[in-house]
Amino acid sequence: MPKNVTNLLLIEDDDVDREAIRRLLQHRYTIVEAPTAQVALTLIETMRPHCVLLDYRLPDIDGLQLIPKFTAAYIPVIVTTGEESPEVIVDAMRLGAQDYLVKSALSKVALEHAISNAIEKIGLQHNVMLQQQQLQEQATELRRRNVQVRRLASALTLAEQRERRRISQILHDHVQQMLFGIQMRTHMIDLDVTPEVHAVIQEHLASITQLTDDAIKATRTLTVELSPPVLQSKGLVEACRWLAEQMAKLHNIDVQLDIQTDYQFASEELSILIFQFARELLFNVVKHANVTEAKLSIREEGDRLLVSIQDRGCGFETGEVLQRPRGYGIHSIHERLELFGGRLEVESAPNNGTCATINVPKTLAFSEAE
Amino acid sequence: MMKRIYIIDDHAIMRQSYRLLLRRHGALEICGEAASAEAALIDIENAHPDLVLIDMSLPVMDGLELLQILGKRLPHLHVLMVSGHNDSHFIDGILAQGAHGYLSKDMAPKQLLDAIEQIFAGHLYRSDTIAS
């Protein structure tokens with residue numbers, strides 16, 4: 001069969017009508033004829049027509065019932081009707097017919113026009129369907145990847161916290177203990193040496209003592225920064241109490257506490273993360289708010305835990321700061337909280353103070369258990 | 001009469017350091033030592049200590065839990081809590097739970113003997129360092 005041949009299936013029970021249509025079209029199309037629905041149905045199996053011309057009045061079944069069988073396979077159907085009956089036309093179009101032609105007004109031009117239009121339209125519909133399918137597949141894949149990325153990112157965040165805790169413990173359990181030992185031995189030397197020797201090594205001893213003291217302070221600071229021991233032993237709420245004291249001691253800011261829960265996360269890593277965020281938000285107050293007082297509150301609301309840091313300081317335009325990628329570290333906190341189904345809510349206005357709330361679900365969206 | 005001291009710290013280097021320092025004091029003798037609260041609970045009563053030195057952070061049962069148990073079992077025992085962390089904000093709580101003193105580990109070389117003497121003299125002792 002030559003390539004560009006267009007196959008038509010002509011379903012028509014009236015011999016005269018069939019003959020008339022064949023004459024109009026045979027110069028251009030390969031036509032297969034079916035006088036009954038039964039024959040048409042068997043033909044669907046063997047040939048794949050490019051277009052179907054269908055007389056809806058057939059001896060065996062209602063011709064309209066055939067329409068969906070063709071359109072489901074993206075084969076366009078043009079209905080030919082004996083009289084202009086609007087109901088039949090509406091039904092045919094509703095069932096998926098591409099077009100309709102009134103038999104009494106059939107012409108070569110009208111038929112050819114209708115056929116090429118119908119074939120083009122169904123082709124476009126087919127393409128749209130394929131593209132929609134593809135889009136759906138891509139959307140599903142994107143959702144899957146998105147979930148995967150979030151899972152990995154949350155696992156990474158928790159792994160980072162675990163690593164911080166590990167280093168913190170090494171510092172405390174090993175390095176610091178050795179330093180205490182050195183400190184003690186240095187002290188012994190100081191006590192044991194005779195006055196004559198003492199004069200000679202005094203300077204070294206003083207230097208070793210000083211260096212050891214500094215090293216102990218440095219490891220203590222690092223231990224606390226990496227993972228405050230109070231967090232490990234007493235949980236998030238106690239750690240926040242401790243944080244308030246530290247802020248007062250070290251940064252001269254009076255942190256008022258409003259703690260209405262003693263909720264403890266099952267995941268210690270998550271406690272560390274939230275604690276770090278709370279600390280970072282308090283540092284923001286110290287650095288930017290220009291106040292000497294702040295309020296730290298912790299409460300439960302349904303299945304969520306809320307940690308708020310509030311001040312009556314100079315505030316800011318929330319839009320501006322939140323849009324800056326690194327604005328006050330707020331953006332990064334928000335992004336990381338999102339990994340766990342949490343969020344950071346910031347209310348602020350110039351000269352009107354700031355309230356930043358860490359809002360996290362008590363049951364994690366992406367917990368370690370998954 | 002010699003006062004008997006029992007040492008509980010999970011770090012050998014610290015137990016050794018305490019031993020060296022305590023030996024310098026003419027009126028103190030070491031009657032036993034343990035690397036964990038659990039080990040201490042097995043033989044501390046037989047050692048008949050007058051004072052026990054407890055590291056706050058011990059591997060399984062921590063120093064504070066041990067303090068509470070000892071408070072019931074040996075109500076006349078003097079207890080000096082020692083901590084490597086800066087737990088100074090817990091001092092009031094620690095003393096309220098029955099300890100007689102709190103010593104920060106980095107202050108131990110200079111203050112340990114003084115702390116023990118003060119406790120035996122009937123005072124509460126607290127060393128408070130501000131770790132930054």
Side-chain angles (χ1 to χ4, degrees), chain A residues 168-192 205 208-234 238-252 255 257, chain B residues 7-26 35-37 53 55-67 81-94 103-115 127-132:
Chain A
S168 165
Q169 270 172 355
I170 292 173
L171 277 173
H172 173 258
D173 289 348
H174 300 287
V175 182
Q176 243 180 50
Q177 305 305 319
M178 288 187 268
L179 289 169
F180 289 136
I182 295 171
Q183 197 190 33
M184 192 74 91
R185 291 304 180 102
T186 313
H187 183 68
M188 304 284 178
I189 297 172
D190 203 18
L191 296 176
D192 286 343
L205 278 177
I208 293 172
T209 304
Q210 185 60 52
L211 286 170
T212 316
D213 286 353
D214 290 350
I216 289 170
K217 277 200 190 90
T219 51
R220 267 188 176 163
T221 307
L222 201 51
T223 303
V224 170
E225 262 174 27
L226 287 167
S227 170
V230 60
L231 196 54
Q232 286 172 36
S233 57
K234 302 237 154 56
E238 271 312 306
C240 284
R241 279 188 219 279
W242 173 86
L243 179 62
E245 281 181 32
Q246 289 284 303
M247 295 305 289
K249 240 191 240 176
L250 304 175
H251 301 285
N252 294 320
V255 182
L257 289 169
Chain B
I7 300 166
I8 307 168
D9 193 309
D10 53 326
H11 296 97
I13 193 168
M14 288 313 295
R15 294 198 301 276
Q16 189 189 28
S17 295
Y18 295 137
R19 276 201 304 272
L20 287 169
L21 195 59
L22 291 172
R23 259 183 226 150
R24 306 185 67 88
H25 196 287
S36 69
L53 183 158
D55 184 15
M56 294 263 288
S57 56
L58 292 169
V60 184
M61 183 193 296
D62 72 11
L64 283 179
E65 279 175 80
L66 179 62
L67 170 68
M81 302 299 290
V82 182
S83 173
H85 295 300
N86 178 28
D87 286 319
S88 55
H89 67 296
F90 288 135
I91 294 181
D92 290 337
I94 292 164
L103 182 65
S104 178
K105 263 189 187 176
D106 60 335
M107 293 292 123
K110 286 176 185 147
Q111 298 183 359
L112 179 63
L113 297 180
D114 184 37
S127 80
D128 192 353
T129 54
I130 295 175
S132 50

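The sequence lines fix the lettering, A, B, ..., with proteins before strands; numbering per chain opens at 1.
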Query raised in the report: Top residue by heavy-atom pair count (under 4.5 Å) with chain B, among A:D213, A:T186, A:T219, A:D192?
Result: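 Among A:D213, A:T186, A:T219, A:D192, the one with the most close pairs to chain B is A:D192.
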If you compare all heavy atoms of [X] against all heavy atoms of [Y], which two are closest, and at what distance to 0.1 Å?
X      : Y      : result
B:A108 : A:M184 : CB-CE, 4.1 Å
B:K105 : A:R220 : N-NH2, 4.2 Å
B:L21  : A:M188 : N-CE, 3.2 Å
B:P109 : A:H187 : O-NE2, 2.9 Å

From B:I13 CD1 over to A:I182 CD1, what is the distance, rounded to the nearest 0.5 angstrom?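 The CD1 atom of A:I182 is 7.0 Å from CD1 of B:I13, to the nearest 0.5 Å.
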* Asked: Which bit of A:D190 is near chain B, if near means a heavy-atom gap under 4.5 Å: side chain, backbone, both or neither?
  ->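 Contact with chain B: none, neither part.
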- With a 4.5 angstrom heavy-atom cut-off, which part of A:L191 approaches chain B: side chain, backbone, both or neither?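 Contact with chain B involves both backbone and side-chain atoms of A:L191.
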* Counting distance only, does the side-chain N/O of A:R185 pair as donor-acceptor with the main-chain N or O of B:S17 below 3.5 Å? ->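 Such a contact is absent between A:R185 side chain and B:S17 backbone.
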Could you check whether any side-chain N or O of B:H11 sits under 3.5 Å from a backbone N or O of A:Q177, counting only pairs where one atom can act as donor and the other as acceptor?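 Flag not set: sc B:H11 to bb A:Q177 has no pair under 3.5 Å.
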| task | For B:D106 and A:K217, run salt bridge (charged side-chain N to carboxylate O under 4.0 Å, His left out): C-alpha distance rounded to whole Å, both residues' side-chain angles, the deciding distance at 0.1 Å, then the answer. | result | CA-CA 9 Å; B:D106 60 335; A:K217 277 200 190 90; over 6 Å; no
